[in-house]
Amino acid sequence: MLYITAIAGVFVNSNRGVCFMYDVVVIGGGFAGVRAARDLGKSGRAVLLLEAHDRLGGRTWTGQFPQTDVQIEIGANVVVPEYQPEWRNEIDRYGLELISPPPPNPADPVEYRTLVQGEYKDHFPLPLYEVGEAERALYVLRDAAARIDPTKPLEDQDLADLDVSLAAFFEANKIAPATGELLGAYATGLAGARPDEISTLHVLEWIRGYGTNPAFFFYGLRNSLARGTGGAIEKMVEDGGFEVRLEAPVAAVTEADDAVTVTVMSGEAITARTAIVAVPTNVLDRIAFTPPLSAEQQEALAQKHPGREFKGWMLVKPLSRPVSCFGMSTFQILRTTRRLPEGDLLLGFGCNGVVDDVDLTDHASVQNAIRRHVPEAELIRYVAHDWVADEWINGSPRVHPPGTGQSFAGIMEKHHGRVSFAGSDLSRHFNAWIEGALWTGRVAAERAEQILAGND
């Protein structure tokens, strides 16, 4: 019989004399880690959360545009409660307010600039003979997404033919060139990878999650939190009552008998009864696991995912009209968000490796990227973060490469003794979205409770 006695935050294993400093150590302070720590803290567990950065939030980051009162999100921020039950629960729990962009102003109409096959269009972007083809393409995507049964693991379904690149899927289904380019540009802007690098199955999972409606991506991703993702993180931390240590990157996780020892890079060793690892998969292999991860997991992690999306908030001198730009360029999506007294605040989504790369640390390079869509733009100042260069992230949210979309989550969710994994990269539900992070955080906390109760 194992007896655990809690004394001033130290747990003594009466059988073996091992001192547990915590019930659970959570590694990673994004939404998955914070959700897991919150749930466990609310249930009375002693929880320590370790985060490598000097802030919480992971690949979300709420800030303020310099010299203005405008709140901005440098990372992920989409909230769609009608399709995302984990978000809906958090919104209801904390009374979080949602906001949407203001409707178009007829007195200040938007100028649309769409890059298609090397030419900019300021009207309907497709050739008239492709209009019917564009509609057919959406039906092809809808019908393929409808094949996914969300109640069953992907690896148990006959979907291998969909785990090919988006470019190959478009070719196999004879999607017309201009239509394929536009859809591919939008996917690139959302995912941060080229159509030849993205598993179609991954995109179809997203479509299935949003009501099996591919058109939803063009009009439905509008809601955000009034106090930003940072406001939600603050509420969860306040509610959870767990300990947080920032700038504490982890070097090793060692399991022995009924204890887990987490060693931070400073050399400190922290002992707990179980651990949850919630770091991005592109940096997961930097942690030394003892015993090691399975050969299958190591092989899956060795293939780094190609997601490299960046968001840029850029103030330019006043334009004659607000703009909405779209196409396979450095910024695949670029639009006016606000008309401020000093100028127009643009928001751009893009990734390098498509056309000319942008150096997000260089003013002239960012201005040149804007001018591919808006030649008359004069950049005043900007805010952006290179998630690939971030040593504790190394990429935007996961993009499954072709051939991995059906298997990755199943491989990584396999239990590793007293260690569990979480994070949007691993989620079977809204993979790569904050909703997926929240879902895995809940699941990991539930498993930790089973381990602590001796039922796992």
Side-chain angles (χ1 to χ4, degrees), residues 27-33 35 57-61 75-78 84 86 148 153-155 162-166 187-209 217 229 276-287 293 296-311 349 351-353 385-414 420-441 443-444:
I27 303 166
F31 269 92
R35 168 68 189 273
R59 288 171 294 198
T60 67
W61 192 350
N77 69 304
V78 171
Q84 298 177 333
E86 302 294 339
I148 300 173
L154 289 180
E155 61 267 29
L162 301 179
D163 200 2
V164 298
S165 75
L166 195 59
T188 298
L190 281 179
R194 299 188 309 268
D196 63 296
E197 299 174 307
I198 305 170
S199 168
T200 304
L201 186 59
H202 198 181
V203 175
L204 296 175
E205 278 191 278
W206 298 347
I207 294 172
R208 190 73 171 92
F217 288 86
T229 55
I276 295 171
V277 181
V279 302
T281 56
N282 270 6
V283 294
L284 188 55
D285 61 0
R286 296 184 189 175
I287 299 175
L293 301 181
E296 189 178 33
Q297 289 172 324
Q298 292 183 54
E299 183 180 353
L301 292 172
Q303 183 178 4
K304 304 296 186 182
H305 78 80
R308 52 191 185 275
E309 181 190 39
F310 53 78
K311 287 171 72 172
F349 296 81
C351 77
N352 285 329
H385 183 68
D386 187 343
W387 294 104
V388 175
D390 188 319
E391 65 176 322
W392 309 122
I393 300 287
N394 191 24
S396 52
R398 185 174 180 85
V399 177
H400 291 315
T404 70
Q406 191 171 12
S407 60
F408 186 81
I411 292 171
M412 293 307 304
E413 77 177 7
K414 292 176 182 176
S420 303
F421 296 101
S424 70
D425 288 356
L426 312 173
S427 183
R428 290 188 179 275
H429 169 74
F430 276 96
N431 184 283
W433 300 75
I434 303 173
E435 171 75 2
L438 290 168
W439 184 84
T440 61
V443 171

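Computed from a predicted model, the values in this text were never measured in an experiment.
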In Å, rounded to the nearest 0.5 Å, how long is the span from CG of L438 to OG of S424? 9.5 Å

Under the 3.5 angstrom rule, does the side chain of R308 hit a backbone N or O of N352 as a donor-acceptor pair? yes

Give, for atom CD1 of I411 and atom CD of E296, the distance between the pair rounded to the nearest 0.5 Å. 4.0 Å

Please report the closest heavy-atom contact between E309 and F349, naming both atoms and the distance. OE2-CD2, 3.3 Å

Between E155 and S407 (side chain of the first, backbone of the second, donor and acceptor by atom type, cut-off under 3.5 Å), is there such a pair? no

For E197 and P401, indicate whether the former's side chain and the latter's backbone hold a donor-acceptor pair under 3.5 Å. no

For M412 and L284, run side-chain contact (heavy atoms from CB on, under 4.5 Å): C-alpha distance rounded to whole Å, both residues' side-chain angles, the deciding distance at 0.1 Å, then the answer. CA-CA 11 Å; M412 293 307 304; L284 188 55; 3.8 Å; yes

Do side-chain atoms of S427 reach the backbone of T440 as a donor and acceptor pair under 3.5 angstrom? no

Taking E86 for its side chain and E435 for its backbone only, find out whether a donor-acceptor pair lies under 3.5 Å. no

Which of parallel (below 30°), tilted (30 to 60°) and perpendicular (above 60°) describes F408 and H400? tilted

Return the CG to CG distance between L201 and L166, rounded to the nearest 0.5 Å. 11.5 Å

Can you confirm whether I434 sits close enough to R35 that some side-chain heavy atom of one is under 4.5 Å from a side-chain heavy atom of the other? no

Got a second to check how far L293's CG is from K414's NZ, nearest 0.5 Å? 12.5 Å

Please lay out, stage by stage, how T281 and F421 fare under the test side-chain contact (heavy atoms from CB on, under 4.5 Å). CA-CA 10 Å; T281 56; F421 296 101; over 6 Å; no

Do you know the tightest heavy-atom contact between I276 and A444? CD1-O, 3.7 Å

Measuring from L154:CG to R428:CZ, what's the distance to the nearest 0.5 Å? 6.5 Å

On a heavy-atom basis, the closest approach of V399 and A193 is CG1-CB, 4.2 Å

Residue pair T404, S199: steps toward the side-chain contact (heavy atoms from CB on, under 4.5 Å) verdict: CA-CA 7 Å; T404 70; S199 168; 5.5 Å; no

Search all heavy atoms of D425 against all heavy atoms of P280 and return the closest pair with its distance. OD2-CA, 3.6 Å

Kindly assign one of parallel, tilted or perpendicular to the pair W206 and F217, based on the angle between their ring planes and the thresholds 30° and 60°. tilted

Please name the residue in the list E205, H202, R398 that meets the side-chain hydrogen bond (donor to acceptor under 3.5 Å, both in side chains) test with N431. H202

Main-chain N/O of S165 paired with T200 side-chain donor or acceptor, under 3.5 Å: yes

Please find the pair of heavy atoms, one from I27 and one from I287, that lie closest to each other, and give the distance. CG2-CD1, 4.4 Å

Parallel, tilted or perpendicular: which fits the ring planes of W387 and W61, with parallel below 30° and perpendicular above 60°? perpendicular

Treating N282 as the side-chain partner and H305 as the backbone partner, does any N or O pair qualify as donor plus acceptor under 3.5 Å? yes

Donor-acceptor pair, side chain of D163 and main chain of G405, under 3.5 angstrom: yes

Under a 3.5 Å distance rule, please check whether R59 uses its side chain to pair with a backbone N or O of I393 as donor and acceptor. no

Less than 4.5 Å apart, any side-chain heavy atom of R286 and any of W392? yes

